[in-house]
Amino acid sequence: MSYSYMSHLYCPKCSKTYSADEENHLCTCGSPLLVDYKLEELSKVFSPDNLVKRQPDLWRYHELLPVKEEENKVSLGEGMTPLIKCPSLGTNMDIPNLLMKDEGVIPTGAFKARGAAVGVSKAKELGVKELAMPTNGNAGAAWSLYAARAGMSSTIVMPIDAPSITRNECALSGANLYLVNGLISDAGKIVGKASAEKGLYDVSTLKEPYRIEGKKTMGLEIAEQLNWEFPDVILYPTGGGVGLIGIYKALKELQQLGWVSPEQKLPRLVAVQSEGCAPIVEAWKEGKHESAFWENSETIAFGINVPKAIGDFLVLDALYETDGCAVAVNDDDLLKEQKWIAELEGSFVCPEGAAAFLAARQLRQEGWIQANEQVVVLNTGAGIKYPDTVDIEVPTLEPGDSL
Ligand SMILES: Cc1ncc(COP(=O)(O)O)c(C=O)c1O
Ligand SMILES: [Zn+2]
């Protein structure tokens, strides 16, 4: 059996195909490229039983990943994060079967480690020596650390307001780090220009086809953890939307492999955004297949502050094709939700994760989610990476004081 069953890259817009063995970024038509696998061939030799003895990390699905030689794998043990029950919060929201896929416990503290592990490994396989990316913080942290592990250098550009801990992670990894007095879209333009001029490998969201393959493993894991059954609903905090596109891709690949029964309906996918930056929500409300640039975007959930996503049409297609929806939540309310989750479940989730839980609460109130449905919420990172979002007053004692 081959280590990877990747066959080629293809364009989801114009169907043009590209080789998997050389550097490719966008299609000539401007669309992101996606990875195709020899699924029919694989389905004959690969079954869930093959997974039983494998390590509990995302490389357990290596046949469905693009890295062809195991020796190119760059790993910090990422993946197979817990899918945990949230009974108290579920009762509180009237969703008794509420589950959290907790990406807060992965290396680098955010799900970005998945995209970085697979993306950096594939870059190594392609002979890349220096990569460059714009980031809202977590992705830059993950990619620069994985690049360091691979012996590659990295150039990272992030907004000056990005969480300071992610800045420290990049700096500590030895990355060439720059702050931009603007948004991720401004950082993207700077990286695009530098990559063209200096020949850096541009790994901006979806300008590199392999990050999505790493993120796809969240979908594979959810299905495996539910014993190859799909939940009814999956909620995902959506910025560039790579995680959501990846989860959708994973679920479709599992169907094609025949690992879930064909009668099973795909989960309804929900893209969660903040009221301060909701281009996908606006487009979805209007039934559009592309979003418009969101002017003056602002949200405390920094990872989902993406005014225009290059893969917006893929996110929207995934919502339409699964009868899903897109929801915008309020920043003040998501901070309250973050506190509820810590109080009721003992989990300190990131603001983006809190946004997704709040969306579940809202959709239950509106009746879009039924009380008997199984609902999976993605907590995409650890709350401890965002200490400044918590505003508390604590009584201070002098030695010898009593309580
Ligand atoms: C914690 C967190 N959640 C969600 C997102 C959004 O990810 P995606 O690009 O997959 O939509 C990000 C991106 O920076 C993030 O850091
Ligand atoms: Zn194309």
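All values below were derived from every heavy atom in this structure, side-chain atoms included, with hydrogens, water molecules and symmetry-related copies excluded. Remember, it's 1-based here, ligands and their atoms both numbered in the order they're listed.
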Of all the atoms in ligand 1, which lie at a distance below 4.0 Å from a heavy atom belonging to Gly243? 10 (O)
Taking the side chain from Asn305 and the backbone from Phe302, do they hold a donor-acceptor pair closer than 3.5 Å? no
Can you name the atoms of ligand 1, numbered from 1 with element, that are less than 4.0 Å from a heavy atom of Tyr386? 1 (C)
Is the NZ or CZ atom of Lys16 both under 6.0 Å from the centre of the six-membered ring of Tyr10 and within 45° of that ring's axis? no
Does Gly241 come within less than 4.0 angstrom of ligand 1, counting non-hydrogen atoms of the residue? yes
Run the contact test for Pro237 against ligand 1 with a 4.0 Å cut-off on heavy atoms, strictly below, and give the result. yes
Between Thr217 and Arg114, a side-chain donor and acceptor under 3.5 Å: yes
Under the salt bridge (Lys or Arg N to Asp or Glu O under 4.0 Å) rule, what do Lys288 and Glu286 come out as? Steps first, then yes or no, please. CA-CA 5 Å; Lys288 291 191 173 149; Glu286 293 168 14; 2.7 Å; yes
Looking only at the side chains, is there a donor atom on one of Ser7 and Asp36 sitting less than 3.5 Å from an acceptor on the other? no
Please state which protein non-hydrogen atom is closest to atom 16 (O) of ligand 1 and give its distance, to 0.1 Å? Asn138 ND2, 2.9 Å
Under 3.5 Å: donor-acceptor pair, side chain of Glu373, backbone of Gln370: yes
For Lys112, atoms of ligand 1 separated by under 4.0 Å from a heavy atom: 7 (O), 9 (O), 12 (C), 13 (C), 14 (O), 15 (C), 16 (O)
Sub-4.0 Å atoms of ligand 1 with respect to non-hydrogen atoms of Lys215: 8 (P), 9 (O), 10 (O)
Which of the listed options, Gly137, Gly109, Gly240, Ala356, holds the heavy atom that is closest to atom 9 (O) of ligand 1? Gly240
For Thr238, the ligand 1 atoms whose distance to one of its heavy atoms is below 4.0 Å: 11 (O)
Atom 2 (C) of ligand 1: nearest protein contact (heavy atom, Å): Thr380 OG1, 3.4 Å
Less than 3.5 Å apart, any donor N or O on the side chain of Tyr61 or Glu221 sitting next to an acceptor on the other? no
Will you find, in the side chains of Asn24 and Tyr210, an N or O donor that is under 3.5 Å from an N or O acceptor? no
Once rounded to 10 degrees, what value does the angle at the Zn ion (ligand 2) take between SG (Cys14) and SG (Cys29)? 120°
Report yes or no: does Phe302 have a heavy atom closer than 4.0 Å to ligand 1? no
Please determine, by modelled atom types, if Thr380 and Glu352 share a side-chain donor-acceptor pair under 3.5 angstrom. no
Numbering the atoms of ligand 1 from 1, which are under 4.0 Å from a heavy atom of Tyr236? 7 (O), 8 (P), 10 (O), 11 (O)
So, Glu275 versus Asn330: side-chain donor-acceptor pair below 3.5 Å or not? yes
Can a non-hydrogen atom of Lys385 be found less than 4.0 Å from any atom of ligand 1? no
Looking at Val242, which atoms of ligand 1 are within less than 4.0 Å of one of its heavy atoms? 8 (P), 9 (O), 10 (O), 11 (O)
Test your reading of the structure: does Leu244 have an N or O sitting under 3.5 Å from an N or O of ligand 1? no
Below 4.0 angstrom from a heavy atom of Glu352, which ligand 1 atoms are there? Numbered from 1 as shown, please. 1 (C), 2 (C), 3 (N)
For the aromatic rings, using the six-membered ring if either is Trp, is the centroid distance between His62 and Tyr3 under 6.0 Å? yes
Please determine whether any non-hydrogen atom of Thr205 lies less than 4.0 Å from an atom of ligand 1. no
